[in-house]
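First up is the structure itself, then whatever we jot down about it.
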Number of protein chains: 2
Amino acid sequence: MAYRKTPTEMRRLEAAREHLVVCATEVVADVGWAQASVTAVADAAGIAAGSVYQHFSSKSALAVEVFRRAAQREVDVLGEVLEGEGDPADRLRRGVEVFTRRALENHGLAYALLAAPAEPAVGAERLAFRRRYRALFASVIEEGVAADQLPRQDAEITAAALTGAIGEVLVYPLSTPAAEDADLLVAGLTAVALRCAGAAP
Amino acid sequence: MAYRKTPTEMRRLEAAREHLVVCATEVVADVGWAQASVTAVADAAGIAAGSVYQHFSSKSALAVEVFRRAAQREVDVLGEVLEGEGDPADRLRRGVEVFTRRALENHGLAYALLAAPAEPAVGAERLAFRRRYRALFASVIEEGVAADQLPRQDAEITAAALTGAIGEVLVYPLSTPAAEDADLLVAGLTAVALRCAGAAP
DNA sequence: AGAAGAAGTGAATCACCATTCAGAGCTTCC
DNA sequence: GGAAGCTCTGAATGGTGATTCACTTCTTCT
């Protein structure tokens with residue numbers, strides 16, 4: 001028994017893992033999952049390819065971790081708004097706005113989370129997180145219906161439409177003036193979203 | 001000069017190519033782009049892997065052809081309805097219905113066209129075709145606005161929302177009762193679509 | 001029939017990456 | 001200081017799947 005990990009050493013390892021995840025996220029946001037080879041990610045983090053396997057059992061495991069971290073942040077932010085103060089229609093409007101603005105600000109990451117080709121394990125994660133976005137939208141819509149602020153509707157379909165609409169606009173850019181100006185785009189999207197949910201104009 | 005292609009021979013070659021494209025489309029609809037290896041596709045068509053290269057210069061070229069054919073059929077059908085008879089809101093309703101029903105009937109193909117991970121060349125085609133779906137929806141919406149049947153709006157954003165909404169529902173199945181029953185799903189989707197465009201209920 | 005040339009075959013080749021591993025370099029603790 | 005046990009390295013390994021090519025089989029035409 002001549003070696004045991006000291007707390008310092010453990011912190012150093014944890015920090016290295018953290019740094020790897022952060023760098024990998026940047027690489028993915030920049031070049032997409034397909035181009036984010038183990039070598040590219042390791043280079044970005046300033047370590048050797050083999051060292052990645054000190055922290056993750058496979059490339060896939062690292063990819064899943066990258067996805068989860070980033071997606072969880074978005075769910076948290078969106079949940080904060082949708083479950084916060086105000087009447088349902090207003091929260092919905094602000095939710096769409098926040099979701100959109102964040103995606104526009106980090107377009108590469110948004111694309112990676114929403115649509116970029118990825119290995120099956122990441123695809124499964126994506127499915128799970130899309131359900132969570134949808135559930136958040138759906139519950140605010142149901143509140144609105146319960147409060148007679150919104151018409152009767154299948155809240156899950158409306159929620160899916162909202163997620164799809166935002167994703168579509170982000171992933172396949174528009175050719176209208178709105179594409180040039182984030183504020184215009186946000187205004188357009190929130191207007192569609194409110195009509196979609198049947199909120200009085 | 002001891003050999004020249006006869007018309008019969010040329011027809012035979014054309015038919016072989018056609019057969020290859022059809023079989024490849026089935027394979028893709030069944031197992032997705034990622035699993036559709038040259039060998040798998042050649043096997044399905046009953047030819048050797050090497051023979052694929054008699055008809056296409058690369059796997060990628062074959063994939064693009066498969067995508068184009070299938071996507072073009074959808075654009076044609078959708079265009080037929082959206083540019084056909086009736087007032088704009090009604091055409092829109094029927095367009096959404098047709099788009100949805102066709103996708104539900106051939107779910108594998110719809111997924112391949114709309115969302116399945118694919119090589120970059122197919123991704124580029126996808127982008128081009130999504131623009132065309134959107135343009136079709138956008139022009140019927142604009143007609144509706146011009147005819148004062150629909151409220152003023154950014155037609156492209158609404159069109160994107162429609163494409164996104166339908167795609168989302170098809171690609172990531174719902175957990176509501178509507179998921180069980182195609183008619184219910186179509187009813188729900190057309191309702192959202194009409195609200196989205198602002199059509200009076 | 002047989003020469004000339006095309007299409008079809010499928011095993012071999014090639015390219016691309018994730019993953020491994022033997023050795024180099026650190027840390028810990030006596 | 002130095003033995004023991006860790007982390008880090010990066011070239012070598014291995015698997016996968018597209019592409020090639022020497023060869024076989026089929027068509028055409030004199």
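Here is how names work: the chains are called A, B, and so on, in the same order as the sequence lines, proteins then strands, and each is numbered from 1.
As rounded to whole Å, 13 Å separates atom P of D:dG17 from atom CG of B:Asp43. Counting to the nearest Å, the C1' atom of C:dA7 and the CD atom of B:Glu14 are 15 Å from each other. Distance, A:Phe56 CZ to C:dA18 C1': 16 Å, rounded to whole Å. Distance B:Glu9 CD to C:dA4 P: 20 Å, rounded to the nearest Å.
Looking only at atom types and distance, the side chain of A:Gln153 has a donor-acceptor partner in the side chain of B:Arg195 under 3.5 Å away.
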In B/S/- notation, 5' to 3', how is nucleotides 8-17 of chain C contacted by protein heavy atoms closer than 4.0 Å?
-> BBB-------

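Under the 4.5 Å side-chain criterion, counting only non-hydrogen atoms from C-beta, A:Glu18 is not in contact with A:His55. The shortest side-chain heavy-atom distance between B:Phe56 and B:Arg17 falls under the 4.5 Å cut-off.
Taking the charged nitrogens against the carboxylate oxygens, B:Arg93 and B:Asp90 do have a contact shorter than 4.0 Å, which makes a salt bridge. Ion pair B:Glu105/B:Arg101 not flagged as a salt bridge, since none of the NZ, NE, NH1 or NH2 atoms sits closer than 4.0 Å to an Asp/Glu carboxylate oxygen.
The nearest heavy atom of DNA chain D to B:Ala36 and to B:Thr8 marks one nucleotide each, and the one closer to the 5' end goes with B:Ala36.
Here the straight-line distance linking atom CG of A:Leu114 with atom CD1 of A:Ile166 works out to 9.0 Å at 0.5 Å rounding.
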